[in-house]
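Heads up, the thing below is written out as structure tokens.
Note that the coordinates shown come from a computational prediction; the quantities given were computed from them, not determined experimentally.
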Amino acid sequence: AVDLSGLLGGSPARIVANLPYNIGTPLLVGWLSLEPWPSWWDSLTLMFQREVAERIVATPDERADYGRLAVLSNWRCETKILFDVPRSAFVPPPKITSSIVQLIPRAEPEPCDRRLLERVTLAAFGQRRKMLRQSLKAVLPDPGPIIAAAGLAETARAEEIPVSGFVKLANALAARARAVLASPWTTNHRLGLPLVIAATAVTVLIGFMGPSAVALRLGPRNSLLPPWYLPTGWVHVNEWVAVTSLWVGLAAGSVGLWICYRAVELGWRPNVRRLFVLGALLSLATSLVPPLTSADVLMYAAYGRLMVLGW
């Protein structure tokens, strides 16, 4: 939604509109998501399709209509349907009934992070017929602690939870996230991810240095070794250094994965898109590393030994 506060000179606005039904809900959600709150408008009087209007003002008593839109609307506003607009009021008459909905912003809605509230309601109502202990696994692998912290039953379903209950869930999730950030290094994903990346970088670096020094000494001296191996005239790391580095990298990567796993258990939810791109890049880089102990290295070593023996 467009922020018009700069054009109003500090005066609140009242929005009255007959919105196109196909964009009415996105516009409403945009106005309800404005920060800071209360926003630059002090009332919304909007016309919606009757079914959408009932979803906006619904409570857990109207389970069929109660959902994410009702939670967001009634968390930040007082809502009510003023009256219906009959089909005969339009030319040509539509096949649906319309309703006028009024939303008055609450001066002090229950405090919580809007984004976390949206995240919790998305998970809960995404599987509305499932119990919270199952539906909220989309937010946390083990949602039990935040459900208990919110004072809710794990067997409850999203359609049974009032707005205040979702606010408590969002606040419990926020507290869990703060605990992760303040936790020791064993659950700090800011340490785990760099360890995984560093371990992969070490593997790639050692891999591109070619096979072991023994294989280099015994292999052909006048051409490139198998694909991705550096020429024999280039500087190669000592075999003991290479092997030690690989084992250190393997250990660091394992520790990093363990730390990230623990962080996820405590509530860290990584950016899926960034994580996918990172994983793809690491997989691509690793696939280019020559297999240091594979059959082709042994083959070249044996070939070099035969040349030394004059065969």
Side-chain angles (χ1 to χ4, degrees), residues 1 15 17 19-39 41 44 46-81 96 98-99 101-106 108-140 143 146-147 149-177 267 269 271-272:
I15 301 177
L19 300 174
Y21 290 157
N22 62 325
I23 63 171
T25 300
L27 283 174
L28 174 60
V29 172
W31 285 324
L32 293 173
S33 302
L34 291 173
E35 301 290 352
W37 191 267
S39 187
W41 53 271
L44 295 174
L46 308 171
M47 185 162 69
F48 293 95
Q49 185 176 337
R50 175 68 185 184
E51 289 78 5
V52 177
E54 291 174 342
R55 287 168 48 204
I56 293 172
V57 303
T59 67
D61 293 332
E62 296 86 34
R63 294 189 179 184
D65 298 317
Y66 187 59
R68 298 178 60 207
L69 183 59
V71 173
L72 181 59
S73 299
N74 292 281
W75 168 54
R76 282 196 156 175
C77 295
E78 297 177 4
T79 67
K80 65 178 178 179
I81 296 178
I96 59 174
S98 301
S99 299
V101 180
Q102 186 179 62
L103 298 96
I104 305 297
R106 301 180 189 273
E108 295 183 359
E110 295 182 78
C112 82
D113 187 316
R114 174 185 55 81
R115 292 168 298 182
L116 292 181
L117 180 64
E118 292 176 342
R119 185 171 166 184
V120 167
T121 54
L122 175 62
F125 286 105
Q127 304 179 76
R128 61 184 302 134
R129 296 302 303 157
K130 291 189 176 182
M131 299 178 183
L132 291 181
R133 65 188 179 193
Q134 184 65 33
S135 61
L136 291 184
K137 285 185 177 181
V139 177
L140 279 176
I146 69 168
I147 297 174
L152 302 173
E154 293 188 11
T155 55
R157 293 175 170 82
E159 57 195 18
E160 303 171 358
I161 308 301
V163 174
S164 59
F166 282 108
V167 170
K168 292 176 181 177
L169 277 173
N171 288 333
L173 181 60
R176 191 66 177 268
R269 305 302 291 181
N271 184 300
V272 176

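Between R76 and the choices E35, E108, E118, E110, the salt bridge (Lys or Arg N to Asp or Glu O under 4.0 Å) rule is met once, by E35.
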Margin query: Checking I81 against R50 for the side chain to side chain contact (heavy atoms under 4.5 Å, CB included) test, could you report, in this order, the C-alpha distance in whole Å, the side-chain angles of both residues, the deciding distance, and whether it holds?
Written below: CA-CA 9 Å; I81 296 178; R50 175 68 185 184; 3.7 Å; yes
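When all heavy atoms of A158 and A124 are compared, the pair lying nearest together is CB-O, 3.5 Å. Summarising the geometry of A58 relative to A70, their closest heavy-atom pair is O-CB, 3.6 Å, with the distance given to 0.1 Å. Closest of all the heavy-atom pairs between L140 and R176 is CD1-NH1, 4.3 Å. Residues W41 and P105 approach most closely at CZ3-CD, 3.6 Å, considering heavy atoms. Closest of all the heavy-atom pairs between I146 and L169 is O-CD2, 3.8 Å. Between A123 and V139, the shortest heavy-atom distance links the atoms CB-CG2, 3.5 Å.
By the 4.5 Å heavy-atom criterion applied to side chains, V167 and N171 are counted as neighbours. Contact annotation: the side chain of E160 approaches that of R63 to within less than 4.5 Å [non-hydrogen atoms, C-beta and beyond]. Between P20 and L27 the shortest side-chain heavy-atom distance does not fall below 4.5 Å. Using a 4.5 Å heavy-atom threshold, the side chains of S39 and W31 count as separate. Side-chain contact between L132 and I161 is present, with heavy atoms from C-beta onward closer than 4.5 Å.
The main-chain N or O of R129 is found under 3.5 Å from a side-chain atom of R157 such that the two form a donor-acceptor pair. In terms of modelled atom types and a separation under 3.5 Å, the side chain of R114 and the main chain of L32 share no donor-acceptor contact. The backbone N or O of E51 sits nowhere less than 3.5 Å from a side-chain atom of E54 that would complete a donor-acceptor pair. R133 places no side-chain N or O within 3.5 Å of a backbone atom of I147 that could act as its donor or acceptor partner. Remark: side-chain polar atoms of D65 are not paired, donor with acceptor, to backbone N or O of I56 under 3.5 angstrom.
Rounding to the nearest 0.5 angstrom, the gap separating the CG atom in L117 from the NZ atom in K168 is 14.0 Å. With rounding to the nearest 0.5 Å, the separation of CG in L44 from CD1 in I104 is 8.0 Å. A distance of 10.0 Å separates OG1 of T25 from CG of L46, quoted to the nearest 0.5 Å. Rounding to the nearest 0.5 Å places CE of M131 at 13.0 Å from CG of L136. To the nearest 0.5 Å, atoms CZ (F48) and CG (L28) are separated by 4.5 Å. From S135, atom OG reaches atom NZ of K130 across 8.5 Å, with rounding to the nearest 0.5 Å.
Relative orientation of the Y66 and F166 rings is tilted, given thresholds of 30° and 60° on the angle between their planes.
Heavy-atom neighbours of R106 CZ from other residues, nucleotides or ligands within 6.0 Å: above the threshold of 12.
Electrostatic pairing of R55 and E62 does not count as a salt bridge here, judged by no charged N lying under 4.0 Å from a carboxylate O.
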